Peer 1: 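First the structure, then my questions, so here it is.
Since the model is a prediction, treat every value here as computed from it, not as a measurement.
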Amino acid sequence: MTDRLPEAELYRARQAGYLQTVETREGRIKLNGISAVGAPDFAEDVLDAAIAVLRQAEAPAGHFGAGFAVLHCGEEAWWLLLHWWLPGGIASHGLWRAALGATPVFSPVPPGVLACVWELGAIEFERRAFMETAMAGAPLADYFASTMPRSTV
């Protein structure tokens with residue numbers, strides 16, 4: 001056993017930020033993007049594939065019609081996380097994965113995987129935005145107007 005992580009596991013900042021708002025039959029979703037250094041851009045075919053998954057995903061009962069997603073181009077795969085806001089300040093969770101390369105084909109990830117350290121940065125932004133707008137009594141429109149700036153996570 002070692003007391004240090006292997007070199008490949010060491011943290012390196014990644015670019016992140018708001019991409020667009022997606023309208024679905026279930027409500028609106030703020031889509032954020034994260035990309036590893038040297039990762040491909042969020043090309044139209046990638047965005048289309050991710051948005052198709054978001055529009056087909058079933059939201060949990062009782063949600064507020066407001067949610068957020070994270071599209072992450074990692075070093076080994078595309079990851080897509082979807083969260084709907086529920087009563088009690090609870091966020092639901094859905095996760096899909098696709099191989100890098102051609103247009104991604106997202107498949108559900110079995111339960112047990114939550115998010116990586118970079119995705120948790122986007123989740124933290126959305127947590128604060130929801131608390132400071134909707135949970136502070138402001139209309140949901142204010143939540144959707146609060147978007148993650150381009151930065152590193």
Peer 1: So does Gln20 have more than 12 non-hydrogen atoms from other groups sitting under 6.0 Å from CD?
Peer 2: yes
Peer 1: Return yes if some donor-acceptor pair links the side-chain N/O of Glu132 with the main-chain N/O of Ala129 below 3.5 Å, else return no.
Peer 2: no
Peer 1: Does any non-hydrogen side-chain atom of His72 lie less than 4.5 Å from one of Cys116?
Peer 2: yes
Peer 1: Taking the side chain as C-beta and beyond, is there a heavy-atom pair between Leu100 and Glu76 under 4.5 Å?
Peer 2: no
Peer 1: Any side-chain to backbone donor/acceptor pair from His93 onto Leu114? Under 3.5 Å, distance only.
Peer 2: yes
Peer 1: Is there a side-chain contact between Leu71 and Trp79, using heavy atoms and a 4.5 Å cut-off?
Peer 2: no
Peer 1: Nearest 0.5 Å please: distance from the CD atom of Glu26 over to the CZ atom of Arg55.
Peer 2: 13.0 Å
Peer 1: Please tell me whether Thr103 and Asp45 have a donor and an acceptor in their side chains that are separated by less than 3.5 angstrom.
Peer 2: yes
Peer 1: Out of curiosity, Ile123 CD1 to Leu81 CG, how far, rounded to the nearest 0.5 Å?
Peer 2: 5.5 Å
Peer 1: Which atoms form the tightest heavy-atom contact between Ala66 and Leu140, and what is the distance?
Peer 2: CB-CD2, 4.0 Å
Peer 1: Give a yes or no on whether Leu31 and Phe42 share a hydrophobic cluster (residues Ile, Leu, Val, Met, Phe, Trp, Tyr; joining criterion: side-chain heavy atoms under 4.5 Å apart).
Peer 2: yes
Peer 1: Of all the heavy-atom pairs spanning Arg12 and Leu10, show the shortest one and how long it is.
Peer 2: NH1-O, 2.9 Å
Peer 1: Are Val105 and Val109 linked, directly or through other ILVMFWY residues, by side chains that come within less than 4.5 angstrom of each other?
Peer 2: no
Peer 1: Which heavy atom in Ile34 sits nearest to a heavy atom in Ala122, and how many Å separate them?
Peer 2: CD1-CB, 4.3 Å
Peer 1: Which distance, rounded to the nearest 0.5 Å, do you find between the CZ of Phe68 and the CG of Leu54?
Peer 2: 12.0 Å
Peer 1: Does the Ser92 side chain pair with the main chain of Trp84, one donor and one acceptor, at a distance under 3.5 Å?
Peer 2: yes
Peer 1: Angle class for the Tyr143/Trp85 ring planes (parallel below 30°, perpendicular above 60°, tilted otherwise)?
Peer 2: perpendicular
Peer 1: How far does CZ of Phe125 sit from OG of Ser146, to the nearest 0.5 angstrom?
Peer 2: 4.0 Å
Peer 1: Give a yes or no answer on whether the side chain of Arg4 reaches the backbone of Thr2 with a donor-acceptor pair at less than 3.5 Å.
Peer 2: no
Peer 1: Nearest heavy-atom pair of Gly74 and Ala36: which atoms, and what distance?
Peer 2: C-CB, 4.2 Å
Peer 1: Could you check if a side-chain atom of Glu124 sits within less than 4.5 angstrom of a side-chain atom of Leu120, using non-hydrogen atoms only?
Peer 2: no
Peer 1: Are Val46 and Val70 in one and the same hydrophobic cluster, where Ile, Leu, Val, Met, Phe, Trp and Tyr link if side-chain heavy atoms are under 4.5 Å apart?
Peer 2: no
Peer 1: Does some side-chain heavy atom of Leu86 sit less than 4.5 Å from a side-chain heavy atom of Phe64?
Peer 2: no
Peer 1: Measure the shortest side-chain to side-chain distance between Val22 and Arg28 over non-hydrogen atoms and say whether it is less than 4.5 angstrom.
Peer 2: no
Peer 1: When clusters are formed from ILVMFWY side-chain contacts under 4.5 Å, directly or step by step, what else is grouped with Val37?
Peer 2: none
Peer 1: Decide whether Trp78 and Leu47 are clustered together by the hydrophobic rule: side chain heavy atoms of Ile, Leu, Val, Met, Phe, Trp, Tyr closer than 4.5 Å, transitively.
Peer 2: yes
Peer 1: By the ring pair (Phe, Tyr, Trp, His ring centres under 6.0 Å) test, which pairs, at least two apart or in different chains, include something from residues 94-124?
Peer 2: Tyr11-Trp118
Peer 1: Got Thr24 and Ile29 here, is their nearest side-chain heavy-atom distance under 4.5 Å?
Peer 2: yes
Peer 1: Tell me whether the guanidinium CZ or amine NZ of Arg150 lies under 6.0 angstrom from the six-membered ring centre of Tyr18 and within 45° of its axis.
Peer 2: no
Peer 1: Quick one: list whatever passes salt bridge (charged side-chain N to carboxylate O under 4.0 Å, His left out) with Glu126, sequence neighbours left out.
Peer 2: Lys30
Peer 1: So which atom in Arg25 and which in Gln56 form the shortest heavy-atom distance, rounded to 0.1 Å?
Peer 2: NH2-O, 3.6 Å
Peer 1: Okay, side chain of Arg97, backbone of Ser107: is any donor-acceptor separation there less than 3.5 Å?
Peer 2: no
Peer 1: To the nearest 0.5 angstrom, please state how far the CG atom of Leu82 sits from the CG atom of Leu95.
Peer 2: 10.0 Å
